[in-house]
Amino acid sequence: MTPLRLFDTYERKVREFKPINPGKVGLYACGPTVYNYAHIGNLRTYIFEDILRRVLEFNGLEVNHVVNITDVGHLTSDADTGEDKMEVGTRRTGMSAWEMAEFYGDAFKSDLKHLNALEPVTWCKATDHIDEQIAFVQDLEKKGYTYRTDDGIYFNSQKLNNYGYLARLDIDGLQGGARVEQGGRMHVTDFALWKFSNTDEKRQMEWDSPWGVGFPGWHIECSAMSAKYLGDFFDIHCGGEDHIPIHHTNEIAQTEASRGTRLANFWMHGYFLQLNNAKMAKSKGDFIRLETLVDEGFSTQDYRYYCLTAHYRTQMSFSLESLDAGRTALARMLQATYSWGEPGEISEEYLQRFVSYINDDLNMPRALAVVWEMIRSDLTSENKKATILKMDEVLGLDISGWRPDATEAPPEVLSLMHEREVARRDKDWKRADELRDMIAGHGYVVEDTAEGPKLSR
RNA sequence: GGCUGGGUGGCAGAGUGGUUAUGCCGCGGUCUGCAACACCGUUUACGCCGGUUCAAUUCCGACCCCAGCCUCCA
């Protein structure tokens with residue numbers, strides 16, 4: 001079998017994946033901040049992570065998949081002090097911060113389920129791990145990596161000589177203060193480990209700490225929770241491409257300072273879905289949700305298939321038109337597979353080619369091309385069926401679960417259809433065509449097959 | 001401004017120093033009373049300018065354009 005090779009952002013190259021502990025993989029994926037619904041761009045990254053997990057499992061590895069939920073601690077834009085996004089969200093929704101975290105967290109899990117993504121082995125919430133985060137910051141403090149400002153405890157990034165290596169940051173070139181006030185920070189790249197609550201305002205989410213009442217900085221939750229569930233050095237850490245320069249850079253800094261490791265052996269990033277040549281931004285308020293697509297008449301699996309047509313490491317231009325292309329292709333794939341009946345033998349030839357692509361840094365577009373070649377090959381239907389079902393363990397399109405729409409047409413449509421059959425038997429083609437138009441007027445399409453007329457919407 | 005990455009046919013999107021994926025759309029055909037479905041076939045491409053090479057879309061350099069990051073962000 002082709003060895004599994006994955007791209008590692010840290011080294012900027014594709015290299016062979018070998019688990020740190022034989023047969024087992026620790027996989028940590030940065031989850032959502034639950035102050036709003038996930039949009040389809042966010043979801044693209046989770047589909048990538050699901051494919052990654054399935055490929056690892058396909059290679060016989062046991063995956064400990066951990067996903068965090070950030071339910072506290074993100075600051076909004078503008079002022080140097082900033083506001084917690086969760087707190088802002090509560091004003092918008094009228095829910096408490098805790099209710100809102102639960103609500104959007106559940107909505108997120110529901111989206112993943114609809115996309116047929118495998119459930120993570122462990123979900124962890126930032127607010128459930130405040131003690132671990134405080135302990136982590138205390139350790140950093142003990143080792144001399146922190147300093148105090150008016151608004152919090154900060155990490156001194158200049159104490160590490162390779163800070164920013166993951167993103168190849170040119171620190172001197174960064175425009176500190178260009179978009180946000182620096183406050184009491186000593187260096188542009190320093191970041192908060194613990195933020196103090198404002199004295200004039202009672203926060204919904206705040207905790208006691210050795211430094212005063214407040215809440216944890218964003219980055220610390222991932223270092224603390226991944227260490228708890230996967231250890232100080234584990235196999236793969238993933239997230240969106242936007243995390244490379246700041247969030248993951250800072251996670252690495254914290255963990256290097258505290259534990260002396262670079263946290264993960266492989267760093268993998270999903271790239272953005274672009275809408276009108278720009279990223280889809282959750283903070284901009286208007287964005288496309290999975291539910292929006294369903295309202296437009298697409299299935300959630302249409303979206304999953306569509307995502308598989310591009311490599312996870314390239315930005316993808318979203319449009320309803322291209323999604324529609326994916327829908328048509330998937331419908332043909334499902335329909336064909338359904339018509340093949342019972343599975344026979346798996347074609348090793350096609351399966352091996354398929355594996356050579358999925359193991360080549362998850363090249364799903366190529367893998368799909370092999371699926372299509374197989375579909376149009378001269379294998380027997382039974383063998384095609386067996387082969388595609390095996391491939392679907394990675395594709396996750398739930399091919400075996402698909403059934404054609406059992407169209408329940410209203411009586412008047414059925415009656416028109418029967419009338420048309422009579423006209424056709426009498427070779428009254430003019431009348432038959434009129435009746436087909438009338439059926440179309442009810443929103444149905446009638447197709448004449450060998451087994452008789454067939455209705456669909 | 002700096003840094004990171006990218007510019008491929010109507011659309012999406014792979015890939016490669018020479019034989020130029022795949023899907024959708026379009027076009028032609030088979031099938032059909034006509035269609036639809038399905039199947040078969042098929043047109044159009046590698047941002048721009050130089051360089052290296054027998055040969056460049058693929059390697060190198062300049063330029064133009066796009067995205068991301070320097071705030072929270074998948």
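Reminder, nothing fancy here: chain letters follow the sequence lines and each chain counts from 1.
Near RNA chain B, meaning a heavy atom under 4.0 Å away, the residues from residues 368-378 of chain A are A369(A), W372(A), R376(A). Scanning residues 418-426 of chain A for heavy-atom distances under 4.0 Å to RNA chain B yields R420(A), R424(A).
Within 3.5 Å, no donor on the side chain of N363(A) pairs with an acceptor on the base of G15(B), nor the reverse.
Under a 3.5 Å cut-off, the side chain of T387(A) and the backbone N or O of S347(A) do form a donor-acceptor pair.
Evaluated for a side chain to side chain contact (heavy atoms under 4.5 Å, CB included) with E421(A), the options V446(A), L416(A), D426(A), D448(A) yield exactly one hit, D448(A).
Taking only side-chain nitrogens and oxygens, R431(A) never comes nearer than 4.0 Å to OP1 or OP2 of C34(B). Side-chain N/O atoms of R327(A) include none lying less than 4.0 angstrom from OP1 or OP2 on G23(B). When the side-chain nitrogen and oxygen atoms of K430(A) are compared with OP1 and OP2 of G33(B), none of them lie within a distance under 4.0 Å.
Within 4.0 Å (heavy atoms only), G270(A) reaches no atom of the nucleic acid at all. At the heavy-atom level, R436(A) lies under 4.0 Å from base atoms of the strands shown. Residue D448(A) is classed as a base contact, given a heavy-atom separation below 4.0 Å to a base. Residue-level contact check: Y46(A) touches the backbone only, with heavy atoms under 4.0 Å from sugar-phosphate atoms and none from bases. At a threshold of 4.0 angstrom between heavy atoms, the contacts of R44(A) with the nucleic acid are absent. Contact annotation for S322(A): backbone-only contact, meaning every heavy-atom pair under 4.0 Å involves sugar-phosphate atoms and none involves a base.
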